[in-house]
Amino acid sequence: MAVRRKSNWYIYFISFAIALVFAIVAIFAFRWYLFPEQSDPVGLDKTGELDENFRPTSEQNFNMLAMLADKESDNPELFMLVEYNAVENRVTFVPLPNGISMPSEDRTLPNVYAAQGGGKVVEAVEKAVGVNCDFYAKMDRTGFINLITVFGNVNFDMMDTVIINDGSDVETVNAGTQRLTAETLFRLMMLADYGEGESYRFNCIGSMLSELVNQNFRTLKDSSLLDNYFRMITDYSDTNLTEQTFKSHKAALLNTAEYGGVSPAEYYIPYGEYGDDGSFVISENSVTTIQQKAGLI
């Protein structure tokens, strides 16, 4: 009589279940190695160089607070929010009134810088416009002229004749197309008497800077030249810009120089109300526009 053997199916089932559990645990343990996430834009390497497959993302957008003074020891008198939108290949210059309202500080921007430095000015600007500033740079006349001399001159159509009083030196810049050197550009931005109020002056400054970039930005395709600009900014400025920050945005800047169209630079003049004490409150609609150009809305 044949003996019927018992089935061991449950043993195989248990073995399979145990093996499956170990496989799942192994996958979770090594998931970052087996299935790496594409958190960095395609083509972005650690040196920041541009790869042919590079695609910018909003992570490459940045906002910078640029401040300009006459001398190194002076407080800045011109404040400019520079918004770079890497996705749209656009840079927007936003001149800021010195009297931006700061209820908690009760100081103008130059006074805030004098008392507490660039970091505190950044906080004041961020509160006023609702846009985070990734870094700041305060430059004096010498640093600005050295940087712009390397970057290039600008052909600019002056709408009116402007008188510049630079101490004992008086210069007249006539209406019409003028070739502006770095020295003249600084004087027009900081020392010229436009006679039609701050908003008109800001329009002139914003237009000059936009044309400066649009006429010269193609030179940024040279990676080594872009490196040189970075070194000049850090050498000549009071800044919190670091090499790591620069490299994280370098590929996007190179991409804009290569594919940024004809005129990637523009300017926007914020509007609002001036107080009797010289304070300035930016309107809510203007704040919205600034945030839109920064790619936040």
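The structure presented is a predicted model; accordingly, all values stated were derived computationally and were not measured. What's counted below: heavy atoms across the whole structure, side chains too, no hydrogens, waters or symmetry copies.
The minimum heavy-atom distance between Ala294 and Asn61, with the atom names listed, is O-ND2, 3.9 Å. The minimum heavy-atom distance between Phe280 and Pro97, with the atom names listed, is CD2-CG, 3.5 Å. The two residues Gln60 and Ala86 come nearest to each other via the heavy atoms CB-CB, 3.6 Å. Looking at every heavy atom in both residues, Val162 comes nearest to Ala192 through CG1-CB, 3.4 Å. Of all the heavy atoms in Arg218 and Thr256, the pair that sits closest is NH1-O, 4.3 Å. Nearest approach of Asn89 to Pro264, heavy atoms of both residues: O-CB, 3.4 Å.
At a cut-off of 3.5 Å, with distance as the only test, a side-chain donor of Thr92 or Glu266 sits close to an acceptor on the other residue. Side-chain atoms of Thr184 and Thr181 form a donor-acceptor pair, as typed in the model, at a separation below 3.5 Å.
Checked by atom type and distance alone, the side chain of Asn146 pairs as donor or acceptor with a backbone atom of Thr142 at under 3.5 Å. Side chain of Thr234 to backbone of Arg231: a donor-acceptor contact under 3.5 angstrom is found. Side chain of Ser263 to main chain of Asn214: no donor-acceptor pair is present (N/O by atom type, distance under 3.5 Å, no hydrogens or angles). The closest donor-acceptor contact from the side chain of Asn203 to the backbone of Ser199 lies under 3.5 Å. In this structure a side-chain-to-backbone donor-acceptor pair under 3.5 Å is present from Thr239 to Leu241. Judged purely by atom type and a 3.5 angstrom limit, Ser237 uses its side chain to pair as donor or acceptor with the backbone of Ile233. Not one N or O on the side chain of Asn63 forms a donor-acceptor pair closer than 3.5 Å with the backbone of Asp134. A side-chain donor-acceptor contact under 3.5 Å links Arg90 to the backbone of Lys293. With hydrogens and angles ignored, the 3.5 Å screen pairs a side-chain donor or acceptor of Glu126 with a backbone N or O of Cys133.
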Should Leu253 and Leu220 be marked as a side chain to side chain contact (heavy atoms under 4.5 Å, CB included) after you check the CA-CA gap, both sets of side-chain angles, and the distance that decides it? CA-CA 8 Å; Leu253 293 169; Leu220 296 177; 5.7 Å; no

List the steps, then state whether side chain to side chain contact (heavy atoms under 4.5 Å, CB included) holds for Asn240 with Val122. CA-CA 11 Å; Asn240 62 346; Val122 165; 6.0 Å; no

Show your reasoning for whether side chain to side chain donor-acceptor pair (under 3.5 Å) applies to Ser286 and Ser283. CA-CA 5 Å; Ser286 190; Ser283 74; 4.5 Å; no

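Taken to the nearest 0.5 Å, the CG atom of Asn153 stands 7.5 Å off from the CG atom of Asn216. One finds the CG atom of Leu78 at 6.0 Å from the CE atom of Met190 (value rounded to the nearest 0.5 Å). Rounded to the nearest 0.5 Å, atoms CG (Leu254) and CD (Glu49) are 6.5 Å apart. The CD1 atom of Ile100 lies 11.0 Å from the OG1 atom of Thr108; values are rounded to the nearest 0.5 Å. Atom CD of Gln178 and atom OG1 of Thr161 lie 8.5 Å apart (nearest 0.5 Å). Atom-to-atom distance recorded for Asn75:CG and Asn98:CG is 10.5 Å, nearest 0.5 angstrom.
Taking hydrophobic clusters as Ile, Leu, Val, Met, Phe, Trp and Tyr residues chained together by side-chain heavy-atom distances below 4.5 Å, Tyr274 shares a cluster with Ile282. Connection of Tyr236 to Leu225 is established within a shared hydrophobic cluster, with ILVMFWY side chains joined at heavy-atom distances below 4.5 Å, either directly or through further cluster members. Both Val154 and Val150 sit in one connected hydrophobic cluster of ILVMFWY residues. Membership requires side-chain heavy atoms under 4.5 Å apart, directly or through other members. Note on Phe156: it clusters hydrophobically with Tyr200, by side-chain heavy-atom contacts below 4.5 Å among ILVMFWY residues. Criterion: ILVMFWY side-chain heavy atoms under 4.5 Å apart, direct or through other members. Under it, Met159 and Tyr194 are part of a common hydrophobic cluster.
Residues passing the salt bridge (Lys or Arg N to Asp or Glu O under 4.0 Å) test with Asp70, sequence neighbours excluded: Arg141.
Residues Asp227 and Lys250 have side chains in contact (heavy-atom distance under 4.5 Å, counting atoms from C-beta outward). Counting heavy atoms from C-beta outward, Val129 and Pro270 have side chains that stay 4.5 Å or more apart. Between Cys204 and Leu188 the shortest side-chain heavy-atom distance does not fall below 4.5 Å. The shortest distance between side-chain heavy atoms of Val121 and Phe79 falls below 4.5 Å. Considering only heavy atoms from C-beta on, Leu209 comes within 4.5 Å of Met189 through its side chain. When side chains are defined from C-beta on, Asp140 does not count as touching Asp74, because their heavy atoms never get closer than 4.5 Å. Counting heavy atoms from C-beta outward, Asp238 and Tyr136 have side chains that approach closer than 4.5 Å. Residues Phe93 and Val82 meet the side-chain proximity criterion, which asks for heavy atoms closer than 4.5 Å.
Salt bridge status for Glu123 with Lys127: absent, with no side-chain N to carboxylate O gap under 4.0 Å.
Taking Ile, Leu, Val, Met, Phe, Trp and Tyr as hydrophobic and joining them when side-chain heavy atoms fall under 4.5 Å apart, one finds Ile163 in a cluster with Val170.
Taking the six-membered ring wherever Trp is involved, the centroid distance between the rings of Phe202 and Tyr267 does not fall below 6.0 Å.
In this pair, Phe62 and His249 present their aromatic rings perpendicular. The plane angle is above 60°, beyond the 30 to 60° band.
Within a 6.0 Å radius of CD in Glu258, other residues, nucleotides and ligands contribute more than 12 heavy atoms. Around CD of Glu72, the count of heavy atoms belonging to other residues, nucleotides or ligands within 6.0 Å does not exceed 12.
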